[in-house]
Amino acid sequence: MATIQLYNSLTRTVDPFVTYKPGVVRMYTCGPTVYHYAHIGNLRTYLMEDVLDRFLRWSGYDVRRIMNITDVGHLTSDADTGEDKMLAGARREHKTVLEIAKFYTDAFFEDCRKLRIRRPDVVQPATGCVPEMIRLVEGLLEKGFAYEAGGNIYFDTSKLPNYHVFLRHREENLEVGVREGVGEDGNKRNKGDFVLWFTKSKFEDQELKWESPWGLGYPGWHIECSAIAIKYGGERLDLHCGGIDNQFPHHTNEIAQSESYLGHPWCPQWFHVHHLTTEGGKMSKSSGEFLTLSLLEEKGYSAMDYRFFCLQSHYRRSLLFSYPNLDNAKSAYRRLVERVSSVADAAGEPDGNAVAAWRETFASALGDDLNTSMALTVLYDLLKSSETGATKRALVASFDEVLSLGLLDGAAALHTADAPAADGEEDARIRALLDRRAEAKKAKNFAEADAIRDQLKAEGIQIIDTPQGAVWKKL
Ligand code: AMP
Ligand code: ZN
């Protein structure tokens, strides 16, 4: 198995990837808070985690990936203040918390399906693991890492000398706690302490509550990930993933809870995806244009255009989203599919030595801290190379197990075209018409969509609708 190097947020260096049991990866992913649609920033995180998951499998690891679904306890401020996001979402839509949890969980996995993101092996909603969370909190109380105050149970961060592992913050710099923690919640002994279990809170109207040794209540946000990860991943995880904003307080608190409960180190490798940003700054569900995958589709982009856009950049850099940038990715992706189409039906046997050598090059690109843009370069180099069509086809299929760009599916739809390629100008004109047709279809203006199809047909051009959007060929 080729060596894989990954940046590790814990050590802050690029380290060789290791696992507790050789060949087996227990990987945990913080899942979505299902109070609204995922925005495309959230989806960038899941998409890059998917590439990592797929790459590890492709490299021969036996991966067990676990994801929680946050359907209780995540407050509007990460510092245990504000409202439960789920409750706010339910109120907004005049529905119950469970109704919106189901709706947005389904919507999330529908986005994942379109983006060809592999479904984790275990998907566990937090509300399905409350007894496990209660046991964990009991364990923390027994061991002296937690205390009861004013009816709530808090984690006592003063018990851990290296609590601020990610930020290496000193407590006096701990903005989250300082701003709203002790000031507002006089029960906290230390600024950094966080809630494990709420009973006496100002959220009297919290919809979902459970019996616990401390009375009727509900869990804090962080405890679900420790409980779910330990339940399905055992006492030692190999890899933990999330967006960069999860580092603190969420992941810091997960480490504090899990290691204090287990009494030993828990997860040695942490993978964080940096943010997708817009010109306006942080991407948000509540201000500016709420960028969802469906919105992109309405504007004529396919999920694969967005996947390709994300793969072009490194996960450890923030990525600026703009429509011109996405346009570039869209045309590059369509050109790539067209190039793949020339080998999609290649006959004959692939050359085994060449396949092994190219796979090695592809593995080194991704093994270099998941360098997806380099992996795409390897793919382009392959397509330009003098390898036989059959070798290229076999390798495209293999690389696409990781890239998951639907390359051969798209190419198959195109491959019936035997006509000579169009020149750039003609291509751009036809693409503009296809985009207009996609917009017309979204707006249910089928007369216009049909008129565009007929116009192109009269010119001897056939439109083929594929899962990646419409493509065309000369008749
Ligand atoms: P949430 O649904 O708010 O719990 O977030 C789901 C995931 O998306 C978490 O792993 C976040 O860290 C991540 N995330 C939030 N905002 C962004 C963003 N702008 N870009 C990339 N990932 C994000
Ligand atoms: Zn988590």
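Because the structure is a prediction, the values reported are computed rather than measured.
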- Please walk me through it: do Thr372 and Gln312 pass side chain to side chain donor-acceptor pair (under 3.5 Å)? CA-CA 6 Å; Thr372 45; Gln312 285 177 310; over 6 Å; no

- Message: As a quick check of understanding, evaluate side chain to side chain donor-acceptor pair (under 3.5 Å) for Asn325 and Asn328, giving each step before the final call.
- Response: CA-CA 5 Å; Asn325 290 349; Asn328 290 338; 4.7 Å; no

- Please walk me through it: do Trp197 and Tyr218 pass ring pair (Phe, Tyr, Trp, His ring centres under 6.0 Å)? CA-CA 6 Å; Trp197 186 266; Tyr218 61 98; 7.4 Å; no

- Could you check Glu259 against His264 for side chain to side chain donor-acceptor pair (under 3.5 Å), going step by step and ending with a plain yes or no? CA-CA 5 Å; Glu259 298 201 346; His264 59 68; over 6 Å; no

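Pairs engaging residues 133-146 under the side chain to side chain donor-acceptor pair (under 3.5 Å) rule: none recorded [sequence neighbours left out].
With hydrogens and angles disregarded, no donor-acceptor distance shorter than 3.5 Å links the side chain of Lys209 to the backbone of Gly217. Put simply, the side chain of Gln269 gets close to the backbone of Asp238: a donor and an acceptor are under 3.5 Å apart. Remark: side-chain polar atoms of Glu99 are paired, donor with acceptor, to backbone N or O of Thr96 under 3.5 angstrom. With His39 contributing its side chain and Asn42 its backbone, the two residues share a donor-acceptor pair below 3.5 Å. Checking side-chain atoms of Ser398 against main-chain N and O of Ala394 turns up no donor-acceptor pair under 3.5 Å. No donor-acceptor pair closer than 3.5 Å links the side chain of Thr29 to the backbone N or O of Cys241. Between the Asn8 side chain and the Asp15 main chain, no donor and acceptor come within less than 3.5 Å of each other. Here the side chain of Asp121 pairs no donor or acceptor atom with the backbone of Ile66 at under 3.5 angstrom. Using a distance-only test at 3.5 Å, with no hydrogens or angles considered, a donor-acceptor pair links the side chain of Tyr333 to the main chain of Leu405. Judged by distance alone, with hydrogens and angles left aside, the side-chain atoms of Glu49 form a donor-acceptor pair with the main-chain N or O of Gly242 at under 3.5 Å.
Nearest heavy-atom pair, Arg359 versus Leu395, reported as atom, atom and distance to 0.1 Å: CG-CD2, 3.9 Å. Across every non-hydrogen atom of Thr292 and Ala38, the tightest pair is CG2-O, 3.8 Å. Nearest approach of Lys392 to Leu383, heavy atoms of both residues: NZ-O, 2.9 Å. Ala375 and Leu403 make their closest contact through CB-CD2, 4.4 Å (heavy atoms, listed as atom of the first residue, atom of the second, distance). Lys330 approaches Asp435 most closely through the heavy-atom pair NZ-OD1, 2.8 Å. Here the closest non-hydrogen pair linking Cys267 and Leu10 is O-CD1, 3.7 Å.
Residues meeting the ring-ring contact (aromatic ring centres under 6.0 Å, His included) test with Phe55, sequence neighbours left out: none.
In this structure, Trp270 and Thr11 have side chains that are not in contact, with every pair of non-hydrogen atoms separated by 4.5 Å or more. By the 4.5 Å heavy-atom criterion applied to side chains, Asp111 and Ile117 are not counted as neighbours.
Here Phe108 and Tyr46 bring their ring centres to under 6.0 angstrom of each other. Phe145 and Tyr261 have their aromatic ring centers separated by at least 6.0 angstrom. Outside the 6.0 Å centre-distance limit, the rings of Phe399 and Trp358 are not counted as a close aromatic pair. Separation of the Phe194 and Tyr154 ring centroids does not fall under the 6.0 Å cut-off.
Other residues, nucleotides and ligands contribute more than 12 heavy atoms inside 6.0 Å of the NZ atom of Lys231. Other residues, nucleotides and ligands contribute at most 12 non-hydrogen atoms within 6.0 Å of the OH atom of Tyr20.
Checking His275 against Asp245 by side-chain atom types alone, a donor-acceptor pair falls below 3.5 Å. For Tyr37 and Glu110, the side-chain atoms include no donor-acceptor pair closer than 3.5 Å. Side-chain contact check for Asn68 and Tyr28: at least one donor-acceptor pair (N or O, by modelled atom type) lies under 3.5 Å.
When each of His250, His251, His272 is paired with His240, the ring-ring contact (aromatic ring centres under 6.0 Å, His included) condition holds for His251 and for no other.
The existence of a salt bridge linking Asp305 and Arg334 is confirmed by a sub-4.0 Å separation between a basic side-chain nitrogen and an acidic carboxylate oxygen. A salt bridge does not link Asp50 to Arg57: none of the charged nitrogens lies less than 4.0 Å from a carboxylate oxygen. Taking the charged nitrogens against the carboxylate oxygens, Arg113 and Asp106 have no contact shorter than 4.0 Å, which rules out a salt bridge. Looking at Arg91 and Asp84, no side-chain N of the basic residue comes within less than 4.0 Å of a carboxylate O on the acidic one, giving no salt bridge. Asp156 has a carboxylate O that lies under 4.0 Å from a charged side-chain N of Lys159, or vice versa, which qualifies the two as a salt bridge.
Geometric assessment of Lys95 against the ring of Phe103 yields a positive cation-pi assignment under the 6.0 Å and 45° thresholds.
In this structure, the separation between CE on Met133 and CD1 on Ile223 is 8.0 Å, given to the nearest 0.5 Å.
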